[in-house]
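Below is one structure, written out as structure tokens; comments come after it.
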Amino acid sequence: MIGIISFFGFTLMVAIISYYATRTTDENSSDGYFLGGRSLTAGVIAGSLLLTNLSTEQIVGLNGSAYTDGLSVMAWETLAAIAMVITAIWLLPRYLKGGLTTVPQFLSKRFDVTTKTITSGLFLTGYVVVLLPVILYSGSVAISGMFNIPEMLNISNSKALWLCIWGIGIIGSIYAVFGGLKAVAVSDSINAIGLIIGGLLIPVFGLMAIGDGSLGAGLDTLMSANPDKFQSMGKPGQEVPFSTIFTGMMLVQLFYWGTNQQIIQRALGAKNLAEGQKGLLLASFLKILGPLILVLPGIIAYHYFEGGLSSSDLAYPELVRAVLPKYLVGFFAAVLFGAILSSFNSVLNSSVTLFGIDIYKQHINKDADEKTVVKYGKIFGIILAISAMFIAPLIANAGSLFNYLQEINGIYSIPIFTIIVVGYTTKRVPAIAAKIGVVSGSLLYILSQFILKPQFVKNALEEAKLSGVTDEAALKLIESDAYPHFLHVMAILFILNIIIMLIIGKIKPRETAYELEYTKQVDIEPWKHTKIAGAIIVLTVASIYIYFA
């Protein structure tokens, strides 16, 4: 009962603070609703960025990966810090100079409206079909299990799942659809503090459990008993082989932190460039600490349960249940609920922005005033949320959600990132090149990962079994060698798409060279310590890899 009271108390407090924070902005203006009035400070941006990508698919999924592969999976977190540094120094100044509300708006100016529409459509499709349902499903599983909803309400597991999905969906929709970006960002910042505190409690109590009450003794025991789990360089056959951090891994990070509307919208709402850069760099520093929450508990679980769990995805919830004192369960569930809501309402708010600015205003009602654009954006957000709530229960048997998300997002992530890079680094590549780049990049990736790869893997495994290979570890290695890792495939297609676009630009260049105009919507004077702070962060990441090599 104490846990439930603390859960609802913390959640209600966040909602009230977020509500009053939004009263300082005009929710009927596009800047006020979609970008929080371009008034977000560095602290709010950092907190919102930190929590936006943290939800149960990361917390449970990445710790599950660490349970299996150890420290090498920290690349998903630590390399994000470098990507944010690059975004702060190179991309954000260009975004704010152009006065962008959405990333596809740049593509409209640089190429044409059709390119922007295709890109917005890809974002929205990925959000409603993949990302929103996965967030709802994984979050519902966590909350239902933590409070044992089926037993508490005397209902079946499936009914409990539906109940939690709709509960999270409705609350998240209220934040995102009716509150706008500022409500999302403020609630994210508050929840980020709780998540850091709550997330750090799990490894602390876990190490104390291993060390008979001593944190230091627990860490010494963990590292000495499992030295193979503390290797930063992933081996072939693992989720993140070391070579992938120099190919597709860095591209995925740059897309996610530099061009993904769900993420970059926080920085686009900065009151000026300096605040945006400070927010990104603060968030990048905090991402370096991410493995303490997203990786270390998985390794602790491997030692604590002696590698005997039936599924690696059980590592985090089982560890929480085993080591966290009962009186803290409600608080931890509240901050975890906040993380789930953050991811959901951030994606939903970005979807509303993309639809309102890039679809409704551009194609449906070009003469619509700002109030009308916001109104129909909200209506679209409600429809999108309801659709995601219906889709979410259908992915119950999708397998490893974390790997599923990373691989399937490549359908649109690398093609979009490619045309943005070419758009900013060239002046005469034409619109037709961008369209071909997006379409060919998506189709080639689908062909590679969902048609060719399964066939190559199937043939390799059949040959191995005919040769008498039955060892599970050997078969796993054969499977990984049968086809290039999906991160390598992303890098290959990135280079191929750039070559295709440059060739088209050489054959049929645009008539006039593109020039990025300064709209003067915000001050673009950079923070004077941006490059020094960025260099320190990059060196810190490199040092971590070298130390654990």
Could you tell me which non-hydrogen atom of [X] sits nearest to which non-hydrogen atom of [Y], and how far apart they are?
X      : Y      : result
Ile544 : Met74  : CG2-CE, 3.7 Å
Ile165 : Pro393 : CD1-CG, 3.6 Å
Leu251 : Ala491 : CD1-CA, 3.7 Å
Gly534 : Val85  : CA-CG1, 3.6 Å
Thr78  : Pro291 : CG2-CG, 4.0 Å
Leu493 : Gly441 : CD1-O, 4.3 Å

* Quick one: list whatever passes salt bridge (charged side-chain N to carboxylate O under 4.0 Å, His left out) with Lys453, sequence neighbours left out. =>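 Expected list: Glu407.
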Examine distances only and state if a side-chain atom of [X] and a backbone atom of [Y] form a donor-acceptor pair shorter than 3.5 Å.
X      : Y      : value
Ser413 : Asn409 : yes
Thr244 : Pro241 : yes
Tyr95  : Gly258 : yes
Ser442 : Ile411 : yes
Gln238 : Lys235 : yes

* Output all residues satisfying side-chain contact (heavy atoms from CB on, under 4.5 Å) with Ala368, sequence neighbours left out; order by chain, then residue number. => Tyr360, Asn365, Thr372, Val373
Side chains of [Y] and [X]: any donor to acceptor distance under 3.5 Å?
X      : Y      : result
Tyr514 : Thr426 : no
His485 : Thr247 : no
Gln105 : Lys116 : no
Trp527 : Glu275 : no

Distance check, rounded to the nearest 0.5 Å: [X] atom [atom1] versus [Y] atom [atom2]?
X      : Y      : atom1 : atom2 : answer
Leu254 : Leu91  : CG    : CG    : 8.0 Å
Trp90  : Ile86  : CH2   : CD1   : 10.0 Å
Ile414 : Asn497 : CD1   : CG    : 9.5 Å
Met389 : Leu384 : CE    : CG    : 9.5 Å
Ile419 : Phe111 : CD1   : CZ    : 6.0 Å
Thr87  : Gln253 : OG1   : CD    : 10.0 Å

[X] vs [Y] side-chain heavy atoms within contact, under 4.5 Å:
X      : Y      : result
Ile264 : Thr259 : no
Val429 : Pro509 : no
Val489 : Ser448 : yes
Ile245 : Met250 : no
Leu516 : Arg94  : yes
Thr418 : Met501 : yes
Arg110 : Thr115 : no
Ile504 : Ile436 : yes

* **Test: Glu511 and Arg428 ion pair at under 4.0 Å** =>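 Answer for the salt bridge query: no.
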* Asked: So, Asp112 and Lys435, do they make that salt bridge, N to O below 4.0 Å?
  -> yes
* To do: For Glu525 and Leu273, run side chain to side chain contact (heavy atoms under 4.5 Å, CB included): C-alpha distance rounded to whole Å, both residues' side-chain angles, the deciding distance at 0.1 Å, then the answer.
  => CA-CA 6 Å; Glu525 180 69 26; Leu273 176 58; over 6 Å; no
* Are Phe380 and Phe355 an aromatic pair by the rule of ring centers under 6.0 Å? ->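 Close enough - the centres of the two rings lie under 6.0 Å apart.
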* Check: Tyr256 ring centre within less than 6.0 Å of Trp76 ring centre -> no
* Checking side chain to side chain contact (heavy atoms under 4.5 Å, CB included) for the pair Tyr483/Gln455: CA distance, chi angles, key distance, verdict? -> CA-CA 10 Å; Tyr483 198 81; Gln455 191 61 45; over 6 Å; no
* **Qualifying residues under side-chain hydrogen bond (donor to acceptor under 3.5 Å, both in side chains), relative to Thr530, sequence neighbours excluded** =>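 For Thr530, the residues satisfying side-chain hydrogen bond (donor to acceptor under 3.5 Å, both in side chains) (neighbours in sequence not counted) are Gln277.
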* Asked: Could you walk me through whether Tyr412 and Thr119 pass the side-chain hydrogen bond (donor to acceptor under 3.5 Å, both in side chains) check?
  -> CA-CA 8 Å; Tyr412 66 92; Thr119 305; over 6 Å; no
* Might you work through the side chain to side chain contact (heavy atoms under 4.5 Å, CB included) test for Glu515 and Lys427, ending with a clear yes or no? => CA-CA 7 Å; Glu515 295 293 339; Lys427 294 186 177 183; 3.3 Å; yes
* Does atom OH of Tyr424 have more than 12 heavy-atom neighbours from other groups under 6.0 Å away? ->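 Count over threshold, so yes.
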* Near Lys109 NZ, under 6.0 Å, is it more than 12 heavy atoms from other residues, nucleotides or ligands? ->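 Atom NZ in Lys109 is packed in, count exceeds 12.
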* To do: Would you sort out whether Ile537 and Ile82 count as a side chain to side chain contact (heavy atoms under 4.5 Å, CB included), showing the intermediate values?
  => CA-CA 7 Å; Ile537 290 168; Ile82 297 178; 5.7 Å; no
